[in-house]
Protein chains: 2
Amino acid sequence: MAVTLKEIARRTGKSITTVSRALAGYDDVGAETKTLVRRVADELGYTPNLLAQRLQKRRSDTIGLILPTFGPRFSDPFFSEFLAGVGNMAAEHGYDLLVSTQPPGERELQVYRQKVQSRQVDGFVIVRTRRQDARIRYLREIGFPFVAFGRIEGDMDFPFVDVDGIQGMRMIGEHLIGLGHRRIACLAPPADLSFAEHRLIGLRQALATYGLELADSLVRPGDLTQKSGYQITLQLLDSVQPPTAIAACNDLMALGAMSAIQERRLIVGRDVAVTGFDDIPMAEHSHPPLTTVHQPIYQIGKTVCDMLIRLLKGLDVTPHQVILAPKLMVRQSCGANMHRFTTEKGGGVTIA
Amino acid sequence: MAVTLKEIARRTGKSITTVSRALAGYDDVGAETKTLVRRVADELGYTPNLLAQRLQKRRSDTIGLILPTFGPRFSDPFFSEFLAGVGNMAAEHGYDLLVSTQPPGERELQVYRQKVQSRQVDGFVIVRTRRQDARIRYLREIGFPFVAFGRIEGDMDFPFVDVDGIQGMRMIGEHLIGLGHRRIACLAPPADLSFAEHRLIGLRQALATYGLELADSLVRPGDLTQKSGYQITLQLLDSVQPPTAIAACNDLMALGAMSAIQERRLIVGRDVAVTGFDDIPMAEHSHPPLTTVHQPIYQIGKTVCDMLIRLLKGLDVTPHQVILAPKLMVRQSCGANMHRFTTEKGGGVTIA
DNA sequence: ACTATACACCAAAACGTTTTGGATGTCAAG
DNA sequence: CTTGACATCCAAAACGTTTTGGTGTATAGT
């Protein structure tokens, strides 16, 4: 059977109280008693029963993370990296990470409510915020602790971390325009996502600076998967006036776009430029390497989790709203650096 | 404050016992009392305190899943899909999923031990088994419930699900040989992983059937990432006698291999054939689409979790060892189906 | 000799639930 | 009027921990 405080108390001839306090290091326990208790506890391999501890302390020491999945073939390199960041930080502070998957919708909120009411978690990490985010509205309403990755529309008096999507996409836009592109298409995210808006605005800003406009026909909403990037790009390439550049709002769609372009026997970077957003590990090793905007996803996961833990511990959380500057990663899919891409070894055409 | 049984008892004028039993549906509670109690519970929005419930029931209704991550830039599409499968099945049966990340090694086992001893989880899902798997050895030793995805070396009297890697890789080998390849290189997984051995055996078997051998110099162990596939392939291409086909033991490395080949301005499928293993979502939409072996990862996640839950509930778990037949997905990276790849639309050379 | 002050300890309550082992009342049968 | 069966209810114990509010015993100060 599991070893309990009671058992240690019996063996040391002390009371349960004393044993508990000895192990916790209180100084109303004698030095000898302390060492005795600790020795016996070690010998028996005592580990406190967390369930009991949590009931008594009235907190679960658990952080909730509910992944908004879409369908069974859910596979997002973005999330696995984020998860690692959150998970490691949580573990570092002795918190558990309770992970759930639930597509956005009616039931999603139920899950949050249930976890709150049954006191299963002490706080939530919210990912992929929506412009109108029912999760955030609910949690704020009841005053339940959470930290979001991403912003929302309207009142934003809550802790979050976000990357400046406007600036990121503006950099992409300016870079593409600098390379001579004028007909730029955008593979947009679902419109209800917060970052969708930002990224579109950023792209529009870049174009506006040069007196250009983003034609509605060139803004194509996808679902963030490689497949949708692929399909939309095929359509774009088959249109009467295909774009010369495709700015995808995430890397997965950008990779799909590259596949589509290559399938049409066109050269990415030369015939059509492609850019992404996220800088997932794969971006660096795709062919050609993907020009994109770097988000330190792992680090963001850690930061978000750290902020939440500070919040839970009642510590000061400043700044409680962090907007990170994105970093443009110019590689070859945009047509810049083509010399590297073509001459390095295998010969072939050199475009200086 | 939170609503408790006590509060309901107070309001209904019944005892805590009766309230508890009424809600649980015991039939030693009068019909009227039952409805009364339920009504009041509903009105107050009662949700049982899971911490208390679990302490009393001496189980955590929680399944542990510890991801063996490597480094901070951990990003494996394989895991996110598996996670979704496990998570959904767990949720369906009212179980929580406790996710942790921990690189293999000394500390990893500590984490398992700690979760077991503190009664944080009722059972584990083990992923990416090693040939000598300390996790499995430990859990078996203490008789703690778990189900593994993957096998181990030696005594295998424990529940697991696995895909027949030998057969899968044999199919790959035979397919490549059928296409005329004789110099086949293998991008192998780290040797300590269980499936590494199986896949190499499968490939060797295929070659042996045709009186061929797998030269040691062509077996290159990687670390399963795209980056390592990329680097190893560059080395292979630069060697005196480059292979005509590269059989990667997972899709990520295969994708890296394709990048490397393309960077050398060679055509994947024509100049060098590439194959993968896993059939991650990305495989279908890479360029060219990746010939690989399909593993129903989401489904495996569900099955593994289901088996574990049955185990925990004391239900019959038969068969408790499942080996799934893999499915060869012939696409274009291997050089088959090249007509589709080249002629579909964009013109260019047709290789019938 | 009396009061402080510190020190070392502990019984009991509490956290919120489920289960155990009755208690009470009613009704029909004997 | 008893007896037994049945239906309905509940006090108390238990799960394993932490905290509260003490008690008792030296030692020091007056």
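Throughout, a chain's letter reflects where its sequence line sits, starting with A, and its residues are numbered from 1.
For A:Thr18 and C:dA8, the shortest distance from a side-chain N or O to OP1 or OP2 is not below 4.0 Å. Side-chain nitrogen and oxygen atoms of B:Lys14 include at least one within less than 4.0 Å of the OP1 or OP2 phosphate oxygen of D:dC9. For A:Thr17, no side-chain nitrogen or oxygen approaches OP1 or OP2 of C:dC9 to under 4.0 Å. Put simply, A:Gln53 has a side-chain N or O that comes within less than 4.0 Å of OP1 or OP2 on D:dT18. Distances shorter than 4.0 Å separate none of the side-chain N or O atoms of A:Tyr26 from OP1 or OP2 on C:dC10.
Residue B:Leu51 contributes atom CG, which lies 13 Å from atom P of C:dT18 at whole-angstrom precision. What separates CG of B:Asp27 from P of D:dC9 is a distance of 12 Å, to the nearest Å. The CZ atom of B:Arg59 sits 9 Å away from the P atom of C:dT19 (whole-angstrom rounding). Between the P atom of D:dT20 and the CD1 atom of A:Ile16 lies a distance of 18 Å, rounded to the nearest Å. As rounded to whole Å, 13 Å separates atom P of D:dT19 from atom CG of A:Leu55. The interatomic distance linking B:Gln56 (CD) with C:dT18 (C1') rounds to 4 Å, in whole Å. As a whole-Å value, the separation of B:Lys57 NZ from D:dA13 P is 22 Å. As rounded to whole Å, 13 Å separates atom P of D:dC10 from atom CG of B:Leu5.
With salt bridges taken as basic N to acidic carboxylate O contacts below 4.0 Å, none links B:Asp122 and B:Arg59.
Within the nucleic acid shown, A:Arg21 comes within 4.0 Å of at least one base atom, counting heavy atoms only. The residue B:Thr4 sits close only to the backbone: its heavy atoms come under 4.0 Å of sugar-phosphate atoms, none of a base.
Both B:Ala52 and A:Gly30 lie close to DNA chain C; mapped to their nearest nucleotides by heavy-atom distance, the more 5′-ward contact belongs to A:Gly30. Each of B:Ala31 and B:Arg119 lies near DNA chain D, and the nucleotide nearest B:Ala31 is the one positioned closer to the 5' end.
Between A:Met307 and A:Phe160, the shortest heavy-atom contact is CE-O, 4.0 Å. Of all heavy-atom pairs between B:Ser100 and B:Lys115, the closest is OG-CE, 4.1 Å.
One cannot find a donor-acceptor pair under 3.5 Å joining the base of C:dC7 and the side-chain atoms of A:Asp28.
Aromatic pair B:Phe149/B:Phe82: centroids less than 6.0 angstrom apart.
Each ring-ring contact (aromatic ring centres under 6.0 Å, His included) pair with one or both residues in residues 99-132 of chain A, not counting sequence neighbours, appears once here: A:Tyr112-A:Phe124, A:Phe124-A:Phe144.
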